[in-house]
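Predicted model, so just to flag it, every value in this text is computed and none were measured. Chain letters run A, B, ... following the sequence lines, proteins first and then strands; every chain starts at 1. Heavy atoms only: backbone and side chains are in, while hydrogens, waters and symmetry mates are out.
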Amino acid sequence: MAYLALYREWRPKNFRDIVGQEHVRVTLTNALLRGKVAHAYLFSGPRGTGKTTAAKILAKALNCNSRDGAEPCNECSSCRDIDQGLALDVLEIDAASNRGIDEIRDLREKVKLAASSGKYKVYIIDEVHMLTTEAFNALLKTLEEPPASVVFVLATTEVHKVPLTILSRVQRFEFHRISSAGITNRLQEVCAALGRQVEEKALQIISVKAEGGLRDALSILDQCLLQDDPIRVEHVYQAIGMVGETFSADLTEALLEGDYGLVLSKLEEGVALGRDPRQIVRELLDYLRQALLFLAGGQEPLLSPDVAERLNHQSKRAGLSKILTWINVLLKGEGELRYTSNGRLAAEMIFVQTLYEQDKVVCDEDQKIPAISKKPPKSSESKKETAEESQPANSAHLKKAEPIEVGQADFSVLLAKWPEVLEEVKRKKKSTHAFLLEGRPAGVIGETLYLVFKDGYSFHRDKFNQPENRTVVESVLEDLFGRRININNLTEKEYMDLHQAKNDTQVAIKGLTDQETRGITESEEDCIQKAVEFFGAELVHISKDR
Amino acid sequence: MSLEIVNQDIQNKQIPSIYLWYGEDRFSLTEALKILKQEFLREDPSGSGIEVYLGKDILPEEVAALANTSAFFSRRLVIVDDIPYFNQGKGNPNQAGEEDVKEEAGLHAESEGSNADCLISYCQNPNPASCLVLVSEKVNRGRKLYKEIVRAGKVLEFSFPKGQSAWLNWVQKETKRRGKIINPAAASFLLESSGHQTGILSQDLDKLCLFIGDKQEINREAISAVCIPIIETTIFAMLDAIAAGNPHDAIQRLTEVLSQEYYLKVHTMIVRQIRLLLAGSILRKRGGSVEQLMEVTGIRSSFEGNKIFRQASGFTPEKLCRALEDCLQTEIALKSSGGNPQLLLEMVVIRFCQK
């Protein structure tokens, strides 16, 4: 016997097997049990959600010789005939290919004839939105008052194309997208019955990629099952012809780094694996759209759980404006990609431009700072006022904890000159400036400046710790203050911990001072100071177990 | 109301020889036809005295001839649906339906106007053993045929209930007819969700009664589960969410709207909303009033005017101008294959909702 596709083999045969459409199941079964079946139904909803299946089950239930409650027996000749498409009283019409008035006139004539063997004649008109206006009008009167033993079931994915006159004459049911969990459960059921081993993660990806359509999910699974067990995530990506969300996530990571080289090498990696640059851009756009919807609308991303987690993290790091900028550039680029002969070069250009635009946005935002403040700076005093106004903005979080008092005089000078530092850093290296914008000077201890980054900005902190960024700022500080100032970067939480330990610090320093009076050398003091900076000022006594 | 008149006519055994039924409420009209047919079927269960035709399929003289012929076992009921006698000289008022009439009827449709005289003559001397029911969507009260029917028979208009309380009564009455109950709040929610269309509401009530099974009362949860919100409800909710700067709701509604409506139309609605907000914002700045806003923008409903005026307080004209510019760029992108339409519209909404 010829192979039967999974979605056909596993098509529900009873109302109870329909997944995720409780409202339809309950209403139709109650209608059957109470003998209140309407003369015309309209099943609408996304593809693969069970519209035609429900219509066929209804047709079977109406004509079944030994119905079990509302469920068809699936054993009698009528049920079998309907399942095999042989029933004379159940007519499945594809409105996409029978869309004219002549076909509907023909139908109208035949409707009057009684059912040949069953109790009801059921007309299932699939893709009904494809009918012409004239055909719809011709169908109106029949739908309004069909003969007693005729039931019409219209099915469509595009209900907005069905005229209101039809809608008011039918009982309409909206089939919802099936939840990922619902699809995964069904797929697990199928795999268990087939005795195949499929990773749960692979099934989750299939259910997410099916976008609520069980038929699509089963089709993907069908393709995946051509591989040997166990079926893994890679097989799924292979089957659906996608570069993979992980690749898009990696690419986004590279974009977040702001590193041109890294982005291009990532693209090269993808191309070297035989992936189409256009597809890479399209998938990245899709990935960024999910990030956008997550960030702005709080919508859970339709991705496998681990990639979804990465996306959540990345979207928070990037922020809304950056994602919007990226999408804008990529959308324009995607349009151009369609007409280019050298897809790879075009994709490279698009990614470079994406990063370039991102840098530009950072610059623009920086220029907007004076405008955001309440008092717009006057041109002659702009520099001075900008410095004064950006100071409270930068120090806004300082109110949570006082600056460390050590080196207070130096710190005030540094704060006053901080805008100049920012300006100079921006002139030297824009990307460093972008990271520095997220930090604020919190205090000075000795020759060390403490920069505090907001919680959740650990990425910026880490990036800032890299020598190529750190040295830029340190050299600027050296130029402005005439001496070398080291930088210690902390997140707010780390800083708060440090602040809470302030008293301990003082105690420790006091202890150190006592020790100094007891004869500690200058080099030893430096060592201790370093230890305090690195490990905090808490004195811990370590003793060996005996 | 007209449905009740038909019921009374039947009960009082005063069914006129000629009925002219018209109006937008097709559902009530169809119900009335069913009741009338049942009455004739009661007299003659074989149904041999009932004739149903479409106006485009039968000539007026044939209608007159049928009405003049007596049935064997009972009175004769001749129903002529969608009569075209009042459409003449109007230049195709009802687009698709009328096109279909012409297309399907051919010769009949062209000749019916001149021969309506046969029906006028029939009205002057109708057969008392027949009931001729002429059904039309619209009528022309100036026509001689209309005046003759008024004189010799009964003209009934089937119109939708007027006003919210009439609608609520209608819903409650229909629910009661089905052996269930619905409280005013739930009835109001149903109207909001399913719209003010008796046909659709009736279908929804049927569904709801089946869905709740043995329970007696139709509640809000059942309505949410079974009924499909009309596009207008979703669009208003989306525009309100946009105006309130709530991206979460706005995006959710946008997805729903886009599943039912063409993206350019949705874009146009967003532009309109921003334009109204801009007018509201500028007027507020100038110390204007809601009335002025309504006059300037052409808003007719004071509810909408008040809402826009209130919502406009949350925006500066500069922001709204920027949003309009953004809409322009999006429209260009939409019309020049500049990307996935849904994504483009989502971006407009998100940018607008950004504080």
### Query
So, for A/Leu331 and B/Gly339, which heavy atoms are closest and what is the spacing to 0.1 Å?
CD2-CA, 3.6 Å
### Message
Rounded at 0.5 Å granularity, tell me how far CG in B/Asp82 sits from CG in A/Asn137.
### Response
9.0 Å
### Reported CD-to-CG distance for the pair A/Gln171 and B/Leu205, which is rounded to 0.5 angstrom
10.5 Å
#### Entry: Any A/Arg289 side-chain heavy atom under 4.5 Å of B/Glu346 side chain
yes
### Query
Do you know which two heavy atoms are closest between A/His23 and B/Phe211, and how far apart they sit?
CA-CE1, 3.8 Å
#### Entry: For B/Leu343 against A/Leu292, the heavy-atom pair lying closest together
CD1-CD2, 4.3 Å
### Message
Need one label for A/Phe173: side chain, backbone, both or neither, based on atoms under 4.5 Å from any heavy atom in chain B.
### Response
both
### Task
Below 4.5 Å from any heavy atom of chain B, which atoms of A/Val170 appear? Answer side chain, backbone, both or neither.
backbone
### Message
Counting heavy-atom pairs closer than 4.5 Å to chain B, which one of A/Thr157, A/Leu293, A/Leu164 comes out on top?
### Response
A/Leu293
### Query
What parts of residues 23-39 of chain B touch chain A if we use heavy atoms and a cut-off under 4.5 Å?
B/Arg26, B/Thr30, B/Lys37
### Task
Below 4.5 Å from any heavy atom of chain B, which atoms of A/Arg34 appear? Answer side chain, backbone, both or neither.
side chain
### Task
Could you have a look at A/Asn328, A/Val159, A/Val24 and say which one has the most heavy-atom pairs with chain B under 4.5 angstrom?
A/Asn328
### Query
How would you list, in number order, the residues of residues 325-335 of chain B that have a heavy atom less than 4.5 Å from chain A?
none
### Task
Answer with side chain, backbone, both or neither: which region of B/Asp249 has an atom nearer than 4.5 Å to a non-hydrogen atom of chain A?
neither
### Query
Given a strict heavy-atom distance threshold of 4.5 Å, which part of A/Glu145 is in contact with chain B: side chain, backbone, both, or neither?
side chain
### Query
Contact part of B/Leu344 toward chain A, heavy-atom cut-off under 4.5 Å: side chain, backbone, both or neither?
side chain
### Task
Sort A/Lys141 into side chain, backbone, both or neither according to what part of it lies under 4.5 angstrom from a heavy atom of chain B.
side chain
### Task
Supply the atom-to-atom distance A/Ser168 OG to B/Leu201 CG, rounded to the nearest 0.5 angstrom.
10.5 Å
### Message
Are there over 12 heavy-atom neighbours, none belonging to A/Arg47, within less than 6.0 Å of that residue's CZ?
### Response
no
### Summary
Of the listed A/Ile323, A/Leu330, A/Asn30, the one with the largest count of heavy-atom pairs under 4.5 Å with chain B is A/Asn30
### Query
In terms of heavy-atom pairs under 4.5 Å with chain B, which of A/Thr29, A/Leu33, A/Leu167, A/Ile327 leads?
A/Ile327
### Message
Could you check whether atom CZ of B/Arg220 has more than 12 heavy atoms from other residues, nucleotides or ligands sitting under 6.0 Å from it?
### Response
no
### Task
Spell out, as yes or no, whether a donor-acceptor pair under 3.5 Å connects the side chain of A/Lys36 to the backbone of B/Leu210.
no
